[in-house]
4 protein chains.
Amino acid sequence: MNSIKLSKGELTKQRLLQSAAKEFAERGYHEAKISTIVSNVNLTQPSFYLYFKNKEAIFQELISHFRKQLIPFVERTYDIAKMPHDEVPQRIQIGLSHLFQFFASDPNLTKVAFYHSEQGEEFRLVMIEMMASIFKHYQEVGLIRSSLFIEVAAEGFIAMLDRFTYRIILTNERDIDTLAKQMSDTFFYGILAERKQN
Amino acid sequence: MNSIKLSKGELTKQRLLQSAAKEFAERGYHEAKISTIVSNVNLTQPSFYLYFKNKEAIFQELISHFRKQLIPFVERTYDIAKMPHDEVPQRIQIGLSHLFQFFASDPNLTKVAFYHSEQGEEFRLVMIEMMASIFKHYQEVGLIRSSLFIEVAAEGFIAMLDRFTYRIILTNERDIDTLAKQMSDTFFYGILAERKQN
Amino acid sequence: MNSIKLSKGELTKQRLLQSAAKEFAERGYHEAKISTIVSNVNLTQPSFYLYFKNKEAIFQELISHFRKQLIPFVERTYDIAKMPHDEVPQRIQIGLSHLFQFFASDPNLTKVAFYHSEQGEEFRLVMIEMMASIFKHYQEVGLIRSSLFIEVAAEGFIAMLDRFTYRIILTNERDIDTLAKQMSDTFFYGILAERKQN
Amino acid sequence: MNSIKLSKGELTKQRLLQSAAKEFAERGYHEAKISTIVSNVNLTQPSFYLYFKNKEAIFQELISHFRKQLIPFVERTYDIAKMPHDEVPQRIQIGLSHLFQFFASDPNLTKVAFYHSEQGEEFRLVMIEMMASIFKHYQEVGLIRSSLFIEVAAEGFIAMLDRFTYRIILTNERDIDTLAKQMSDTFFYGILAERKQN
DNA sequence: AATGAATGAGAATTCATTCAT
DNA sequence: AATGAATGAATTCTCATTCAT
């Protein structure tokens with residue numbers, strides 16, 4: 001798909017970014033070695049500096065690329081608040097599934113962004129914000145119970161999302177859609193057999 | 001309490017461990033510097049090697065200390081399965097609160113163990129195991145709904161626990177008991193206003 | 001004057017020499033960067049090597065160009081020895097002024113040649129030689145006092161010339177002719193109010 | 001003389017400073033290699049950083065050491081202005097000789113300070129200031145001719161001082177006292193046989 | 001129980017220079 | 001006449017670790 005012709009240099013840069021994502025994902029920022037990044041692409045170290053000012057720069061370029069994809073993704077998700085009410089649970093579940101899919105589509109990048117960058121927390125906060133706003137909306141229209149602590153629920157939701165993302169990235173053991181469904185079910189309905197609100 | 005007389009050497013070792021926990025917590029394993037660890041305790045670098053074989057050794061000693069406290073703690077929690085049924089939700093909530101308190105009692109150590117060590121995942125898995133076994137028990141006796149996906153629920157519960165632990169450690173902004181209560185509530189009862197199981 | 005048509009290549013070469021003079025003058029040989037030299041002329045690095053074998057080569061070409069101008073200049077100055085005696089002081093002063101002007105006409109080149117090249121000392125020695133020979137001549141004909149130490153005087157004269165050249169190059173604050181006059185005056189008549197030779 | 005017992009570390013530091021002065025004197029700041037500095041003292045590179053923060057730091061320590069010696073030296077020289085008038089020429093000559101001797105006492109350091117540091121010009125300016133103030137004083141009391149251009153003379157004097165210092169440092173060929181005498185003679189009495197002020 | 005002095009191994013980065021086009 | 005892409009060779013600096021005392 002992305003097969004617009006790239007000049008040799010642009011190609012090399014892409015390959016360096018890929019290699020860096022892998023290296024950063026595996027070892028974290030500080031332990032990642034430029035020598036590894038370049039040798040995985042059959043390049044010498046000085047060539048690296050043809051494309052990036054320094055180690056920090058390639059790292060930030062990765063993060064920035066991730067952000068450029070994540071933020072619009074999140075913003076689109078706000079639209080869930082405009083759906084017909086009876087579809088909402090399913091819509092959230094589908095949204096969740098999409099997020100998982102997005103994260104799984106470039107596991108190295110996701111890992112770097114969430115677990116090896118200082119901006120990781122910022123990304124989480126953005127998502128928590130988003131969930132809180134959705135929850136709040138549906139609480140107002142009565143779809144979500146009034147006794148729910150929105151902030152805690154939103155943060156809890158993202159905590160689960162985060163956790164299962166991590167699992168998906170590390171092991172390909174699970175079917176993403178099923179996972180989204182099961183997590184949603186747990187989160188929507190709670191665990192108790194009969195409701196006896198506190 | 002821990003005021004059994006320590007020889008000077010033992011005392012120095014304890015101070016090194018404390019200092020190391022702080023340094024590892026703040027910077028992670030690789031970025032942590034022996035020079036910082038010792039200078040915070042007014043010691044020279046060679047002295048460090050009087051007490052620990054190397055950087056890895058003091059790190060493992062911290063982790064091992066954490067494990068020695070965590071595992072029994074977790075094992076005791078299994079007892080929740082023996083409680084009278086109607087107290088269970090509250091019991092879980094109390095257990096959660098205790099865990100939070102334990103983690104908050106030595107934030108540096110907790111941070112190192114969970115977020116800077118390879119064993120962090122192991123600790124999480126132990127806790128997930130525990131929750132799964134508790135949930136399973138109560139599902140069998142009908143306290144927990146039969147449609148719940150135990151594994152997902154257990155992992156989700158620990159994900160939340162993990163997240164809020166992180167928040168507690170970083171910022172002292174919240175009342176732990178309240179947080180435990182709100183998280184439990186969310187988790188037990190879900191978010192929807194009326195139950196319409198999928 | 002130099003507007004004989006230059007082929008594009010010759011023009012580029014001239015521009016590189018100019019740019020190099022500036023860069024060498026500002027940073028010295030070792031700190032000067034080829035990358036700066038070429039980028040100031042909107043050229044790429046490989047192009048540099050179309051015109052010069054290496055960094056050393058362009059540097060030597062600058063020095064050699066300077067020498068080609070300086071030596072004849074100096075040789076012409078020997079003619080002062082053939083002047084009518086009563087004009088000599090003024091002639092020397094005029095010669096000095098011309099030298100200053102010559103050096104000021106291409107400050108970058110002068111700076112490189114005198115202060116950033118190993119040949120700088122050679123240039124000074126040539127000028128000292130010249131002054132010594134002039135002084136000697138006039139000492140023989142009685143215009144210069146017999147008690148003067150020719151070598152020291154010649155070297156001292158060039159030392160001053162050197163210093164004021166440096167000032168002129170760095171700051172355009174002074175009127176060159178006036179400076180030449182004041183320096184000559186100092187040098188010809190000494191500083192004391194009444195002569196009481198030692 | 002300086003044989004107060006130095007600890008091994010202090011000794012090593014001194015030896016590094018010596019070695020650095022030599023290296024900087026021979027090659028200038030940028031071309032000087034830490035590897036050379038340490039290997040001349042049979043040390044490894046990391047040891048260097050035990051004593052100095054970086055290359056810049058050892059350089060500045062040399063310059064600062066030079067300044068600490070030069071400034072008081074210069075200040076003492078102001079006292080020439082308080083001497084009986086008929087001794088002045090000789091006194092200046094003696095002062096000059098002392099300066100030469102001081103510079104010659106640590107040629108490497110002098111070379112670094114004057115010819116390889118950005119502060120070199122500052123040192124020259126201080127000395128020019130000093131000479132100007134002395135000249136001015138003696139012009140006021142009639143010892144120095146009123147037609148002299150003080151600033152130019154002072155700068156010219158230091159230019160000569162500078163030049164002969166350079167010669168002394170590079171080659172041991174001359175007797176310092178004689179040189180001081182000859183330079184003073186040239187400077188005090190000028191070069192012309194009979195005075196015919198312009 | 002502790003320190004002064006030193007080092008081996010390695011990392012990022014810079015720069016003149018070349019090759020193929 | 002000029003460039004895109006790449007590299008070899010250095011160099012500074014950091015850090016865990018050791019040796020001798």
Side-chain angles (χ1 to χ4, degrees), chain A residues 7-13 16 30-38 41-58, chain B residues 7-13 29-38 41-58, chain C residues 7-13 29-38 41-58, chain D residues 7-13 16 30-38 41-58:
Chain A
S7 68
K8 195 174 179 211
E10 279 160 345
L11 185 60
T12 300
K13 182 169 182 180
L16 279 169
H30 290 290
E31 279 307 279
K33 314 263 195 297
I34 302 223
S35 60
T36 306
I37 294 174
V38 294
V41 186
N42 284 323
L43 233 50
T44 57
Q45 293 220 33
S47 298
F48 176 90
Y49 294 90
L50 235 48
Y51 298 99
F52 303 97
K53 188 170 181 299
N54 51 31
K55 191 180 176 182
E56 174 72 14
I58 196 174
Chain B
S7 69
K8 194 173 179 206
E10 279 160 346
L11 183 61
T12 299
K13 183 170 181 178
Y29 181 76
H30 292 291
E31 280 305 278
K33 296 184 210 162
I34 305 267
S35 60
T36 304
I37 295 174
V38 295
V41 185
N42 286 322
L43 231 51
T44 58
Q45 299 213 31
S47 301
F48 177 91
Y49 294 89
L50 247 39
Y51 297 99
F52 304 96
K53 187 170 179 296
N54 52 29
K55 191 182 179 181
E56 174 71 15
I58 195 174
Chain C
S7 70
K8 193 172 179 205
E10 281 160 345
L11 184 60
T12 300
K13 184 170 181 179
Y29 180 77
H30 292 292
E31 282 304 279
K33 295 185 210 159
I34 303 268
S35 61
T36 304
I37 294 174
V38 294
V41 185
N42 286 321
L43 232 52
T44 57
Q45 300 212 30
S47 300
F48 176 90
Y49 295 89
L50 246 40
Y51 298 99
F52 304 96
K53 188 169 180 294
N54 53 28
K55 191 182 178 181
E56 174 71 13
I58 195 173
Chain D
S7 70
K8 194 174 180 210
E10 280 159 346
L11 185 61
T12 300
K13 184 171 181 177
L16 280 170
H30 290 291
E31 277 308 278
K33 313 267 192 299
I34 303 223
S35 60
T36 306
I37 294 174
V38 294
V41 185
N42 285 322
L43 234 51
T44 57
Q45 293 220 30
S47 299
F48 176 90
Y49 295 91
L50 234 47
Y51 298 99
F52 304 97
K53 191 172 179 295
N54 51 30
K55 191 181 175 181
E56 173 72 14
I58 194 173

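Letters go in sequence order (proteins before strands), and every chain restarts at 1.
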- prompt: Are any of C/Thr44's side-chain N or O atoms less than 4.0 Å away from OP1 or OP2 of F/dT3?
  reply: yes
field: Separation of A/Tyr49 OH from A/Thr44 OG1 (nearest 0.5 Å)
entry: 11.5 Å
message: For D/Ile58 versus D/Leu16, what's the shortest heavy-atom pair and its separation?
response: CD1-O, 3.9 Å
query: Of C/Ser35 and D/Pro46, whose closest DNA chain E nucleotide lies nearer the 5' terminus?
result: D/Pro46
- line: By nearest-heavy-atom nucleotide on DNA chain E, the more 5' of B/Asn42 and C/Glu56 is B/Asn42
Distance below 4.0 Å between B/Ser47 side-chain N/O and E/dT3 OP1 or OP2: yes
task: Quickly work out the A/Asn54 CG to E/dA11 P distance and round it to whole Å.
output: 17 Å
query: Do the side-chain N and O atoms of B/Tyr29 and B/Glu56 include a donor-acceptor pair separated by under 3.5 angstrom?
result: yes
query: What integer distance in Å separates D/Gln45:CD from F/dT14:C1'?
result: 12 Å
message: Pairing check on F/dC13: which nucleotide meets the Watson-Crick or G-U wobble criteria with it, both distances under 3.5 Å?
response: E/dG10
statement: Among the nucleotides F/dT3, F/dA6, E/dA5, whichever has the atom closest to the side chain of D/Tyr51 is E/dA5
query: Which whole-number value in Å describes the distance from B/His30 NE2 to E/dA9 C1'?
result: 16 Å
task: Using both distances under 3.5 Å as the test, list the Watson-Crick or G-U wobble partner of E/dT3, or none.
output: F/dA20
Heavy-atom pair of closest approach, residues C/Gly9 and C/Tyr51: O-CE2, 3.3 Å
- request: Would you classify C/Ile34 as touching base, sugar-phosphate or nothing, given that sugar-phosphate means primed atoms plus P, OP1 and OP2, and contacts are heavy atoms under 4.0 Å?
  value: sugar-phosphate
task: Give B/Phe52 one of three labels, base, sugar-phosphate or nothing, depending on what nucleic acid heavy atoms sit under 4.0 Å from its own.
output: nothing
Contact nearer the 5' end of DNA chain F, comparing D/Lys33 with C/Lys8: C/Lys8
task: Give the rounded distance in Å between these two atoms: OH of B/Tyr49 and C1' of E/dA2.
output: 15 Å
task: Send over the distance from D/Glu31 CD to F/dA10 P, rounded to a whole Å.
output: 13 Å
- request: Nearest whole angstrom, please: distance from the P of F/dG4 to the CZ of C/Phe48.
  value: 18 Å
task: Could you state the atom-to-atom distance from NZ of B/Lys55 to P of E/dA9 in whole Å?
output: 19 Å
task: Taking only Lys NZ, Arg NE, NH1 and NH2, and the carboxylate oxygens of Asp or Glu, determine whether D/Glu31 and D/Lys33 approach each other closer than 4.0 Å.
output: yes
task: Figure out the CG/C1' separation between C/Leu50 and E/dC19, and round it to whole Å.
output: 13 Å
message: Measuring to OP1 and OP2 of F/dA1, would you say a side-chain N or O of C/Thr12 lies under 4.0 angstrom away?
response: no
query: Which part of the nucleic acid does C/Ala32 contact within heavy-atom distance under 4.0 Å: base, sugar-phosphate only, or nothing?
result: sugar-phosphate
